[in-house]
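Read the structure below first, then the notes.
For reference, positions follow the sequence shown, starting with 1. Computed from heavy atoms alone, side chains included, the values below leave out hydrogens, waters and symmetry copies.
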Amino acid sequence: MSPLFLGLACLVANALATGGIYKQPIVESFVAIDMYVSLPVNTTTPAGIVSKVPIVSGAITGGFNGQLVQNISTSNEAMLPLTGGEYSSSDSNLILENDQGGRIFASLRGLTTYANMALHGFGSAFLATDLEEFYWVNGEVFLVEWEGNFMTGLAQFQLSTITSGGRKDNQTIKALAPPQ
């Protein structure tokens, strides 16, 4: 995970823990992905272990139905030297395809933790497409949460939209106000 992302996450967590400026964000599910992966290929580098995880297939439900484009969508993990468990910075580039053949590119980044022959992670996702119906995703940041079980090859992802809950002092957030 990048130091900038980690620093931003710490600032947000600190603001929420100390009362902060903003109300809790509004989070709504956009799509869920049931993804099947094959065994990872690990490579040891001077910076540590890096894994490339082949994505075999994936069914998409929710805001639209479809599948992951196979043999192109990828997931990468780099083990992090953190104490108190095993962690990796995770990044995935997925191509989501709806049932009509329209495609959305998804770039996911986050932190994964491992225990009990399973994994769990949180991160952010940016989506991009020229599909008119989903053009709105180009201007959103998505929260992504995932988990997987080592024994099944199934990893489940959920991408959710994040909307401001507003300021606690009820002042207008100027950048979110309608143009005047």
Closest approach of [X] to [Y] (non-hydrogen atoms, all atoms of both residues):
| X | Y | result |
| --- | --- | --- |
| S164 | I173 | OG-CD1, 3.5 Å |
| S124 | V141 | CB-CG1, 4.3 Å |
| T61 | N65 | CA-OD1, 3.4 Å |
| V53 | P40 | CG2-CB, 4.0 Å |

Taking C-beta and beyond as the side chain, do [X] and [Y] meet within less than 4.5 Å on heavy atoms?
| X | Y | answer |
| --- | --- | --- |
| R167 | K23 | no |
| L96 | F64 | yes |
| S57 | Q70 | yes |
| Q156 | M35 | no |
| R103 | V69 | yes |
| F122 | L111 | no |

Please determine whether side-chain contact (heavy atoms from CB on, under 4.5 Å) holds for the pair L143 and T161, giving the CA-CA distance in whole Å, both sets of side-chain angles, and the decisive distance to 0.1 Å. CA-CA 6 Å; L143 173 69; T161 60; over 6 Å; no
Would you say L119 and M151 are hydrophobically clustered, going by side-chain heavy atoms of ILVMFWY under 4.5 Å?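 Same cluster.
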Are F150 and Y36 connected in the hydrophobic side-chain network, where two residues link if heavy atoms are under 4.5 Å apart?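 No; tracing contacts between hydrophobic side chains, which count when under 4.5 Å, never links both residues.
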Assess the side chains of [X] and [Y]: does a donor N or O sit below 3.5 Å from an acceptor N or O?
| X | Y | result |
| --- | --- | --- |
| S92 | W146 | no |
| S160 | S29 | no |
| Q158 | E145 | no |

Show your reasoning for whether side-chain contact (heavy atoms from CB on, under 4.5 Å) applies to K168 and N170. CA-CA 5 Å; K168 288 185 176 181; N170 293 321; over 6 Å; no
[X], [atom1]: over 12 other non-hydrogen atoms inside 6.0 angstrom:
| X | atom1 | answer |
| --- | --- | --- |
| D99 | CG | yes |
| Y135 | OH | no |
| L39 | CG | no |
| F105 | CZ | yes |

Assess the pair F30 and F142: is the distance between their ring centroids shorter than 6.0 Å?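 Ring-ring flag for F30/F142: true, centres closer than 6.0 Å.
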Could you tell me the separation between the [atom1] atom of [X] and the [atom2] atom of [Y], rounded to the nearest 0.5 Å?
| X | Y | atom1 | atom2 | result |
| --- | --- | --- | --- | --- |
| I49 | N42 | CD1 | CG | 6.0 Å |
| D34 | Q67 | CG | CD | 13.0 Å |
| L108 | L159 | CG | CG | 5.5 Å |
| I55 | S38 | CD1 | OG | 11.0 Å |
| M117 | N149 | CE | CG | 8.0 Å |

Going by side chain to side chain contact (heavy atoms under 4.5 Å, CB included), L94 matches just one of I104, L68, L127. Which one?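 The single option meeting the side chain to side chain contact (heavy atoms under 4.5 Å, CB included) with L94 is L68.
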Would you please test V137 and T129 for side-chain contact (heavy atoms from CB on, under 4.5 Å) and show each step? CA-CA 8 Å; V137 304; T129 188; 3.9 Å; yes
Is there a side-chain contact (heavy atoms from CB on, under 4.5 Å) between V144 and F157? Walk through the geometry before answering. CA-CA 7 Å; V144 59; F157 286 71; 4.0 Å; yes
Would you say the side-chain atoms of [X] pair up with the backbone N or O of [Y], donor to acceptor, closer than 3.5 Å?
| X | Y | value |
| --- | --- | --- |
| T172 | K174 | no |
| N98 | Q100 | yes |
| S88 | S90 | no |

